[in-house]
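Everything on this sheet refers to the single structure shown next.
Letters A, B, ... mirror the listed sequences (proteins, then strands); counts begin at 1.
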2 protein chains.
Amino acid sequence: MTLSSITSISDRQTLSDQVFTELKEAIIKGDLPQGSKIIEDDIAKQYGISRGPLREAIRRLEGIRLLVRKPRAGTRVVTLTHSMMEEIYTVREALEGMSARLAATRMSDIEIAELQQLLENHQSTIDQSKGKEYFQREGDLDFHFRIAKASNNQWLMDLLSSELYQLLRMCRHRSSQTPERPLRALSEHQQITEAIANRDSELAELLMRRHISGAWKIVNTLLSNENNMIDNTEGKS
Amino acid sequence: MTLSSITSISDRQTLSDQVFTELKEAIIKGDLPQGSKIIEDDIAKQYGISRGPLREAIRRLEGIRLLVRKPRAGTRVVTLTHSMMEEIYTVREALEGMSARLAATRMSDIEIAELQQLLENHQSTIDQSKGKEYFQREGDLDFHFRIAKASNNQWLMDLLSSELYQLLRMCRHRSSQTPERPLRALSEHQQITEAIANRDSELAELLMRRHISGAWKIVNTLLSNENNMIDNTEGKS
DNA sequence: TAAAATCAGATTGTTGACAATATATGAAAA
DNA sequence: TTTTCATATATTGTCAACAATCTGATTTTA
């Protein structure tokens, strides 16, 4: 077994894997704007690789719905329309509801304690700096991610964390823009956690679904307002 | 607009798309057995293409979880383990429950009539030839697919029809193997349809979820029995 | 004999070039 | 001026060869 220390070699990622990860980040951060065209030669040069592995990465990104391809016409970054956001929130409600239900049964006492700890951190963060949206946003995802993990269902976890959450992060509109939203969200998180701690799966699912559909209602109005503003300022089309 | 008739050219599928479809069928039908290794050169020659487009197809199949890849170690057809089947049924319960809920609101009267017609066909099929499992199986998927479509949610439809249903079809174990199952399933389908016809979304979701978790219980025992049989016959490992 | 090292064959990862197609540009016609 | 057509350019689709890595069999060594 003298070679055991070289396992890092076989774990080495493939070029396609690397560029897949980097492109994903670039899309989510907005470096590659929504709707922009992916020109293979440009991207390939930019990352210093050939088009072969790049195309494989593109196919994978297509698979998780970050890119949209039309045969022979090119590939574009997905555009998050209003109705698409609604669809995503709907799927999320179903999946996370189930996730919470399972977590209520399967989450270990330690994980529950950690979850409660997380919420206390959020609490104090809100108390201190009201405006820090960023933490609120990522903290929210953190909460949801832990519950997805605790579902102990690989499929649920994958769908949520490697597909839905990415899209969610692409959507700049933070429900926390409403001043009272962070507090409200926190209290809902606490309710959900309590239901899980009580091993009440029915209630956990119900509360999670209500939490998400409530979040959608906020995002929905924010999106509508923005659309109206665009109509008013840019007008005429 | 003299070119409008040639749109068929631009719709022409790419080699990668074609082989993607064909490989998918081969996997589902079992021509490529579960756990078998995908050797790129062999498959490429078999389909008369080069490895480039094939690899793209492989990445896509990886994306919908029909293939599993280990960097530099090769790609294999997914193996449907017992626990994986359980995970799939759980996700399906969440997604199809939501689907039924939406369908209850959004399905047109015509679609509902067609759905009822479909069930009548199933009824008579069962009356005539009790054993025709095949039709029962595909008919079941047909029913569920129509409801997914009626949800009018592209994401739900995609996840169900292009991912979950494929895996489901890979699982040879038909719940209809239990003699009384087809009748039971049909009656549950009728109940669900009735709830949709009454525009009762709550009930439609509830019934759909119960229907699927019930189906899982049957499949579960079938799988367990088979495992026991294997243990008894092949023994010793 | 059993464990370790070595080597050859098989398989995957990557590249650059070529072919097929789409898009943009500008000239000709209405 | 606007539309239509033809051409050139840009971009995607495909291929075959090369390089890197893994796998399994054989040989060597203890």
Side-chain angles (χ1 to χ4, degrees), chain A residues 1-23 26-27 32-33 35-63 66-79, chain B residues 1-24 26-27 32-33 35-63 66-78:
Chain A
M1 293 288 177
T2 64
L3 294 184
S4 62
S5 59
I6 321 186
T7 47
S8 54
I9 280 186
S10 53
D11 286 346
R12 200 188 67 228
Q13 279 190 332
T14 210
L15 281 189
S16 165
D17 292 332
Q18 289 172 237
V19 76
F20 169 79
T21 307
E22 298 192 51
L23 274 181
I27 293 170
L32 289 172
S36 66
K37 189 168 184 193
I38 301 289
I39 291 165
E40 297 179 359
D41 255 323
D42 294 355
I43 307 272
K45 268 170 200 152
Q46 190 176 326
Y47 287 95
I49 63 173
S50 71
R51 282 174 55 222
L54 173 63
R55 279 175 69 88
E56 291 175 27
I58 287 176
R59 291 313 182 105
R60 284 178 67 192
L61 289 165
E62 195 191 338
L66 251 33
L67 295 180
V68 180
R69 193 179 62 99
K70 267 198 168 185
R72 267 166 266 271
T75 309
R76 292 181 175 279
V77 177
V78 68
T79 302
Chain B
M1 294 289 177
T2 64
L3 294 182
S4 63
S5 58
I6 321 185
T7 48
S8 54
I9 280 185
S10 54
D11 285 347
R12 199 187 68 227
Q13 278 190 332
T14 210
L15 281 188
S16 165
D17 292 333
Q18 288 172 237
V19 76
F20 169 79
T21 307
E22 298 191 51
L23 275 181
K24 192 166 73 176
I27 293 170
L32 290 173
S36 66
K37 190 168 182 194
I38 300 289
I39 291 164
E40 297 179 358
D41 255 323
D42 294 355
I43 307 272
K45 269 172 198 149
Q46 192 175 325
Y47 287 95
I49 63 174
S50 73
R51 281 174 56 224
L54 172 63
R55 280 174 67 89
E56 292 176 27
I58 288 176
R59 291 311 182 102
R60 284 178 66 192
L61 289 165
E62 195 191 340
L66 251 33
L67 294 180
V68 180
R69 193 179 61 99
K70 268 197 168 186
R72 268 166 266 270
T75 308
R76 292 181 175 279
V77 177
V78 69

Q: Return the value, rounded to whole Å, for the distance between atom CD of B/Q13 and atom C1' of D/dT12.
A: 16 Å
Q) For the pair made of NZ in B/K45 and P in D/dT14, what is the distance, rounded to whole Å? A) 19 Å
Q) Between B/A44 and B/L54, which heavy-atom pair has the shortest distance, and what is it? A) N-CD2, 3.7 Å
Q: Nearest whole angstrom, please: distance from the P of D/dG13 to the CG of B/L54.
A: 16 Å
**Q.** Test side chain to side chain contact (heavy atoms under 4.5 Å, CB included) applied to B/K45 - qualifying residues, sequence neighbours left out
**A.** none
Q.
Between B/V77 and B/L66, does the side-chain contact (heavy atoms from CB on, under 4.5 Å) criterion hold? Intermediate values first, please.
A. CA-CA 6 Å; B/V77 177; B/L66 251 33; over 6 Å; no
Give me, pair by pair, the N or O atoms of the protein and of nucleotides 9-13 of chain C that are less than 3.5 Å apart, along with how far apart they are.
unit_1, atom_1, unit_2, atom_2, d
C/dT12, OP1, B/I38, O, 3.0
C/dT12, OP2, B/E40, N, 3.2
C/dG13, OP1, B/R69, NH1, 3.4
C/dG13, OP1, B/R72, N, 3.1
C/dG13, OP2, B/R55, NH1, 2.8
C/dG13, OP2, B/R55, NH2, 3.1
C/dG13, O3', A/T14, OG1, 3.2
C/dG13, N7, B/R51, NH2, 2.7
C/dG13, O6, B/R51, NH1, 2.9

Q. Just checking B/P53: base, sugar-phosphate only, or nothing, at a heavy-atom cut-off of under 4.0 Å?
A. sugar-phosphate
Q) Is B/G52 touching bases, backbone alone, or none of the nucleic acid, heavy atoms closer than 4.0 Å? A) nothing
Q) side-chain hydrogen bond (donor to acceptor under 3.5 Å, both in side chains) between B/R59 and A/S16: does it pass, once the steps are laid out? A) CA-CA 10 Å; B/R59 291 311 182 102; A/S16 165; 3.2 Å; yes
**Q.** Heavy-atom closest contact (B/E40 atom, B/R55 atom, distance)
**A.** OE2-NH1, 2.9 Å
Q) What closest approach, in Å, do A/L15 and A/P53 show between heavy atoms, and which atom pair accounts for it? A) CB-CB, 4.2 Å
